[in-house]
Amino acid sequence: MGKIFYAEKSEYSSETIVMRILSQYYEVENAEIRRTKNGKPYLENVRTPLHFSLSHTKELLFIAFSEENIGLDTESLHRKVDYEKICAK
């Protein structure tokens, strides 16, 4: 089962926060973040399959980890979004 972490945006980059979580919660020290042709980040140099996804609002950063491919999306509650259309995908 996956885990979702969140943090207030800070002076640290999202990649720095991903690396800290990998170190503290998964005992992964030498992972590298790469990107697919489409720009989706993935981990390299990880012994066990571990996927992640990140999303952010103006104030918060969310990062999900899973042993299977995972996707995460966040929206501000103040933004007008057609949630029914998104959920139907």
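Source: prediction; values computed, not measured. Computed over heavy atoms, backbone and side chain alike; hydrogens, waters and symmetry mates excluded.
Listed by chain and residue number, Phe5 satisfy the ring-ring contact (aromatic ring centres under 6.0 Å, His included) test with Tyr25 (two or more places apart in sequence, or in another chain).
Between the side chain of Ser66 and the backbone N or O of Gly2 there is no donor-acceptor pair closer than 3.5 Å.
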For this session: Step by step, work out the side chain to side chain contact (heavy atoms under 4.5 Å, CB included) result for Leu22 and Val46.
Result: CA-CA 10 Å; Leu22 286 171; Val46 180; 5.8 Å; no
Problem set entry | Candidate pair Ile63 and Ile4, rule side chain to side chain contact (heavy atoms under 4.5 Å, CB included), full reasoning | CA-CA 6 Å; Ile63 306 169; Ile4 298 176; over 6 Å; no
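To the nearest 0.5 angstrom, His51 atom NE2 is 12.0 Å from Phe65 atom CZ.
At most 12 heavy atoms of other shown residues, nucleotides or ligands fall within 6.0 angstrom of atom CG in Asn30.
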Which donor-acceptor pairs under 3.5 Å do the side chains of residues 54-61 make with protein atoms, sequence neighbours left out?
unit_1	atom_1	unit_2	atom_2	d
Ser55	OG	Thr74	N	3.0
Ser55	OG	Thr74	OG1	2.8
His56	ND1	Lys9	NZ	3.1
Thr57	OG1	Glu59	N	3.3
Thr57	OG1	Leu60	N	3.1

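Phe52 is connected to Ile17 through a chain of hydrophobic side-chain contacts under 4.5 Å among Ile, Leu, Val, Met, Phe, Trp and Tyr, so both are in one cluster. Val18 and Tyr26 fall within the same hydrophobic cluster, defined by Ile, Leu, Val, Met, Phe, Trp and Tyr side-chain heavy atoms under 4.5 Å apart, directly or through other members. Under the 4.5 Å side-chain heavy-atom criterion for Ile, Leu, Val, Met, Phe, Trp and Tyr, Met19 and Tyr12 are members of the same hydrophobic cluster.
Within the structure, salt bridge (Lys or Arg N to Asp or Glu O under 4.0 Å) contacts touching residues 37-52 (residues at least two apart or in different chains) are Arg34-Glu44.
Between Ala31 and Leu43 the shortest heavy-atom distance is CB-CD2, 4.4 Å.
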